[in-house]
Student: 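Sharing a structure below in structure tokens format, with a few things to ask.
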Protein chains: 2
Amino acid sequence: MNSNFTIAVHSLVYLAYLPGHMASSEAIAHNVATNPARIRKVMSILRNSGFLKTKEGIRGGYMLGEDPEKITLGDVYEAIARGELQPNWQTGDPEQGCPVSSNTQSVMDYIFKEAEDTYASFLYQFTVASVLQKIKAGV
Amino acid sequence: MNSNFTIAVHSLVYLAYLPGHMASSEAIAHNVATNPARIRKVMSILRNSGFLKTKEGIRGGYMLGEDPEKITLGDVYEAIARGELQPNWQTGDPEQGCPVSSNTQSVMDYIFKEAEDTYASFLYQFTVASVLQKIKAGV
DNA sequence: TTGAACTGTACAAAATAAAATTACAGTATG
DNA sequence: CATACTGTAATTTTATTTTGTACAGTTCAA
């Protein structure tokens, strides 16, 4: 998995930390410790999923579009990282006669998909608000 | 995650498919579609975890060390892939005064660890035997 | 109505991680 | 003692991730 999910959560928490405030990609990038272009790419996806409002032009930037208690990490995961837990590498060879060589990949696909479902489900218990609370508590 | 877990499962299933037979790293590599050195590296870990027996020298190779119904994918995951679901990239900057910048990483570490626990737990329901069965059934 | 401060997006470059390859010492067998 | 194997390390190649650069489009305010 790449770290877009981490960046998305961090950015949303940062916006929840500054309610009613428009934050620029540069300010968020500084807080997250990455570059503004990457933040803007991640934020584009989050905007398309309705988690935030963006504004172009001078005094533009990003703001939460929903109550931080309504945004779960499961939602964020689904929007930005679904499918990235499974490695791309393919095992076996579909042309071989041996069923172990030709069919293991499809069984692994099934197992990875189900496992990722439980992973995503687990994340529904956390919200942007609850993560911010943990951060403030210094856990 | 790299694909060592996939390779481990595939190799164990292949051995279960040929009970009582010593398979060489070359034979397994051919079935899995990778190179023998990589198979030997993965098999070393599986041997250390007690899943299989290895024999060096002529007519040597690999054999299951346990009943394939006893080896769960959860066990295999723990042995070979624990910790690889979380990205290495670190968010924020511990030196910044803002708690969101300095503490988000540790909260994410906690969430990733718990989420991986549920991922691994899920895998305990599958065994090498049950995977082989699915493969034979052509799912 | 113009220029300054932004986003949105694409593309290229650099850094990192994963996979394949090569090599060779060690071990068992016949 | 030659052959067929494992065990392991080092190197090269390839793929992925991250960063950096560029620029068109948008908004605001003087």
Side-chain angles (χ1 to χ4, degrees), chain A residues 1-8 10-11 14-15 21-49 51-65 80-81 83-93 105, chain B residues 1-8 10-11 14-15 21-49 51-65 80-81 83-93 105:
Chain A
M1 165 154 82
N2 65 31
S3 29
N4 285 341
F5 174 65
T6 300
I7 289 178
H10 187 146
S11 301
Y14 179 71
L15 295 176
H21 184 268
M22 271 271 168
S24 70
S25 62
E26 200 181 332
I28 300 170
H30 181 252
N31 198 270
V32 168
T34 185
N35 55 293
R38 189 174 189 191
I39 294 294
R40 295 202 289 265
K41 250 179 284 178
V42 169
M43 298 314 253
S44 270
I45 298 169
L46 296 180
R47 169 178 38 88
N48 290 337
S49 308
F51 300 126
L52 42 83
K53 292 193 169 114
T54 73
K55 200 168 144 194
E56 297 184 27
I58 199 164
R59 292 184 182 278
Y62 306 90
M63 247 181 106
L64 281 191
I80 211 154
E84 293 193 353
L85 243 40
Q86 178 171 2
N88 290 331
W89 193 88
Q90 300 283 112
T91 194
D93 172 5
Q105 183 63 54
Chain B
M1 167 154 77
N2 65 30
S3 31
N4 285 341
F5 174 65
T6 301
I7 288 178
H10 188 146
S11 300
Y14 179 70
L15 295 176
H21 184 268
M22 270 274 166
S24 70
S25 63
E26 200 182 332
I28 301 170
H30 181 253
N31 199 271
V32 169
T34 184
N35 56 290
R38 187 172 190 194
I39 293 295
R40 295 201 288 267
K41 248 178 285 177
V42 169
M43 298 315 250
S44 272
I45 298 168
L46 297 180
R47 169 176 41 87
N48 291 336
S49 307
F51 299 126
L52 41 82
K53 291 190 169 117
T54 72
K55 201 169 145 194
E56 296 185 28
I58 199 165
R59 289 183 183 278
Y62 306 90
M63 245 180 108
L64 281 192
I80 211 154
E84 294 195 352
L85 242 40
Q86 178 171 1
N88 291 330
W89 192 87
Q90 301 283 113
T91 193
D93 173 5
Q105 184 63 52

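Please read all numbers here as calculations on a predicted model, not as lab measurements. Every chain is numbered from 1 and lettered A, B, ... according to where its sequence line falls, protein lines coming before strand lines. Just so you know, these numbers use all the heavy atoms, side chains as well, and skip hydrogens, waters and symmetry mates.
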Student: Please enumerate all residues that pass side chain to side chain contact (heavy atoms under 4.5 Å, CB included) together with B:R59, with sequence neighbours excluded.
Tutor: none
Student: Would you write out the dot-bracket form of DNA chain C, 5' to 3', with Watson-Crick and G-U pairs under 3.5 Å, [ ] for crossing pairs, | for pairs to other strands and . for unpaired bases?
Tutor: ||||||||||||||||||||||||||||||
Student: B:S24 side chain to B:A27 main-chain N or O, any donor-acceptor pair under 3.5 Å?
Tutor: yes
Student: So, does A:R47 get its side chain near the phosphate of C:dG8, meaning an N or O under 4.0 Å from OP1 or OP2?
Tutor: yes
Student: Using OP1 and OP2 only, check whether a side-chain N or O of A:N88 sits under 4.0 Å from D:dT16.
Tutor: yes
Student: Does OP1 or OP2 of C:dA5 have a side-chain N or O of A:S24 closer than 4.0 Å?
Tutor: no
Student: Within residues 32-44 of chain B, find the residues that approach DNA chain C with a heavy atom at under 4.0 Å, and present them sorted by residue number.
Tutor: B:T34, B:N35, B:A37, B:R38, B:R40
Student: Would one find a side-chain N or O of A:S25 under 4.0 angstrom from OP1 or OP2 of C:dT7?
Tutor: yes
Student: Can you see if the side chain of A:W89 gets near the phosphate of D:dT16 - specifically, an N or O under 4.0 Å from OP1 or OP2?
Tutor: no
Student: What is the distance, rounded to the nearest whole Å, between atom CZ of A:F5 and atom P of D:dT17?
Tutor: 16 Å
Student: Would you find a donor on one side and an acceptor on the other, under 3.5 Å apart, between the side chain of A:E26 and the backbone of A:P36?
Tutor: no
Student: Verify the contact: side-chain N or O of A:K55 to OP1 or OP2 of D:dC28, cut-off strictly under 4.0 Å; return yes or no.
Tutor: yes
Student: Toward the 5' end of DNA chain D, which comes first, B:I58 or B:N48, by nearest nucleotide?
Tutor: B:I58
